[in-house]
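Worksheet for the structure shown next.
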Amino acid sequence: MIKCENIFKSFDGRTVLNDISVTFETGKTNLIIGRSGSGKTVLLKTLVGLHEPDEGSIYFDDVCYTDLGFKARKAIRKDIGMIFQGGALIDSSTVFENVKLPLDLFTEQSEAEKRERVEFCLERVELSHAPHLYPSELSGGMIKRAAIARAIVLNPRYLFCDEPNSGLDPQTSIVIDNLIQSITREYNITTIINTHDMNSVMEIGEKIVYIHTGYKWWEGTKDDILNADNKELNDFVFASAMAKRARGK
Amino acid sequence: MKILAAFGRYIILMGKVFSRPEKWSIYYRRVISEMDQLGVGSIPLTAIISVFIGAVITIQMAITLESPFIPQFMIGYATKETMILEFSSTVIAIILAGKVGSNIASEIGTMRITEQIDALEIMGVNSAAYLILPKIIATMIFFPFLAAFSMIVGMFGGFLVARMGVMIPNDYIDGLLYYFDSYEIFYSLVKMTVFAFLITSISGYYGYYTKGNSLEVGKASTTAVVVSSIMIMIFNLLLTQLMR
Ligand SMILES: Nc1ncnc2c1ncn2[C@@H]1O[C@H](COP(=O)(O)OP(=O)(O)OP(=O)(O)O)[C@@H](O)[C@H]1O
Ligand SMILES: [Mg+2]
């Protein structure tokens, strides 16, 4: 479980996050949705500690992350996997080296053990055929898969995904979404996903938080979302033709 | 004021870079690979520039020192002194600032804007140390070798033109051997070590604090080269005052 309470964050006097309090549940795919520029990425990065909140507290399973020092945070970071909007694979390393990097940094495993673990993770994301390729040689979908493999290599307890399927075709998007959801269930991870894709919401949204201009505007499940009584949310949800039709039924 | 703030951030970054590494084995491997990329990769450029400059200096000296009162070997001596004292450290450092500095700033800058640095931070890595420290160590070890290499290649360039008829080759060699002062070489290599630190840390700084898009990466890399070059000039003056 990840919980944040009364989070505020501003840049150069401009408030981006306004009093956000949410609880993200374990073993579920929690979605943060909202329009471009609403503050999703900033919220996600604040939750993982890449941005310091101006105010408020963040809890990882009852441990107050915001109170911790550098050392103790590092211990928690070992349990965090993150998939960035653009993949953020290290350009100068191959897929194999990218996935192996967290093992090099955090474990004392032998090369053979590391190799086995990396191969297992690549298998899991169906990238076993491409360990020797560099990020520049991968397609968008492959980059996302490699990023997922790297994020799960240390068996994280918390998984953060910033628009895991942006820039992918609808079919590949669903594959990626389902992959993240099945990993979440398999290992009982707390997963938080940023997205503005209504397909993902309907496919894997178990708990959904709608962010609008830096405020938490709404939260609920995907069953509630089509019948929500909230103008901004409805505008967002029914902007896509498919969702309109879904309501028509 | 802005310069002061930048200097403050630079010092803070260096504090992060030189904090105790969490795992030496990783740094060791990275130092080796950076030496290969930043050091060995600069050998051809250093060789080409040094051999030509050595040749040209010898020709210039031969013309300038053309006088019955000046012994011919002085040409070789002057070439040697020019190479050792200034060219092979300061000028080569400026050239390396252009090559290596822009490379470092754009590499780290790209990593910043594509969230690769964030990804490292998430893995609990001290990203500043992980990215910059191996480059600093690698260049501080390797650049003095490049300077020494440049001295030798430059003198060889002079020898080539001497053989082509600019002067008597044996006189040239006598000049190279005349009044050999190892302190001069020590002085030059110390300068180069300092310049290596300046180039790498300054370029690393501009790359690390890049913000925005690829346009900004280009700007960061240009600024890195300009600032490193200026700092090399300033430190050249300081070190010369201090050591000579
Ligand atoms: N490092 C930063 N410095 C200053 N302002 C920032 C920074 N990061 C984000 N912002 C601002 O915060 C606001 C929210 O940005 P954010 O990246 O969180 O949007 P988003 O919801 O993720 O959008 P998208 O769906 O396009 O990714 C934007 O107005 C942006 O300009
Ligand atoms: Mg975003």
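Just so it is clear, the model here is predicted, and its values are computed rather than measured. Quick note on labels: first sequence line is chain A, next is B, and so on, each numbered from 1. These values consider heavy atoms only, across backbone and side chains, with no hydrogens, waters or symmetry-generated copies.
- Atom-to-atom distance recorded for B:Met123:CE and A:Arg77:CZ is 11.5 Å, nearest 0.5 angstrom.
- For B:Ile26, the part sitting under 4.5 Å from any heavy atom of chain A is the side chain, from C-beta outward, and nothing else.
- Using non-hydrogen atoms only and a strict 4.5 Å limit, the part of residues 35-70 of chain A facing chain B consists of A:Lys45, A:Val48, A:Leu50.
- With a 4.5 Å cut-off on non-hydrogen atoms, B:Ile117 does not touch chain A at all.
- The neighbour count for A:Glu116 CD, taken as heavy atoms of other residues, nucleotides or ligands under 6.0 Å away, does not exceed 12.
- Within a 6.0 Å sphere centred on OH of B:Tyr28, other residues, nucleotides and ligands contribute 12 heavy atoms or fewer.
- More than 12 heavy atoms of other shown residues, nucleotides or ligands fall within 6.0 angstrom of atom CZ in B:Phe149.
- Rounding to the nearest 0.5 Å gives a distance of 10.0 Å between CZ of A:Arg150 and CD1 of B:Ile122.
- Around the CZ atom of B:Phe156, the shell of radius 6.0 Å holds no more than 12 heavy atoms that belong to other residues, nucleotides or ligands.
- The candidate with the highest count of non-hydrogen atom pairs below 4.5 Å against chain B, out of A:Ile76, A:Leu101, A:Ile80, is A:Leu101.
- One finds the OG1 atom of B:Thr114 at 10.0 Å from the CZ atom of A:Phe84 (value rounded to the nearest 0.5 Å).
- The number of heavy-atom neighbours closer than 6.0 Å to CD of A:Glu123, taken from other residues, nucleotides and ligands shown, is 12 or below.
- Environment of CZ in A:Arg115: sparse, with no more than 12 heavy atoms of neighbouring residues, nucleotides or ligands closer than 6.0 Å.
- Within 6.0 Å of atom CD in A:Glu186, more than 12 heavy atoms from other residues, nucleotides or ligands are found, so the atom counts as buried in its surroundings.
- For B:Phe145, the CZ atom is loosely surrounded, since the number of other residues' heavy atoms within 6.0 Å does not exceed 12.
- Residues of residues 88-96 of chain A that come within less than 4.5 angstrom of chain B, heavy atom to heavy atom, are A:Ala88, A:Leu89, A:Ile90, A:Asp91 in numerical order.
- Using a 4.5 Å cut-off between heavy atoms, A:Arg73 makes no contact with chain B at all.
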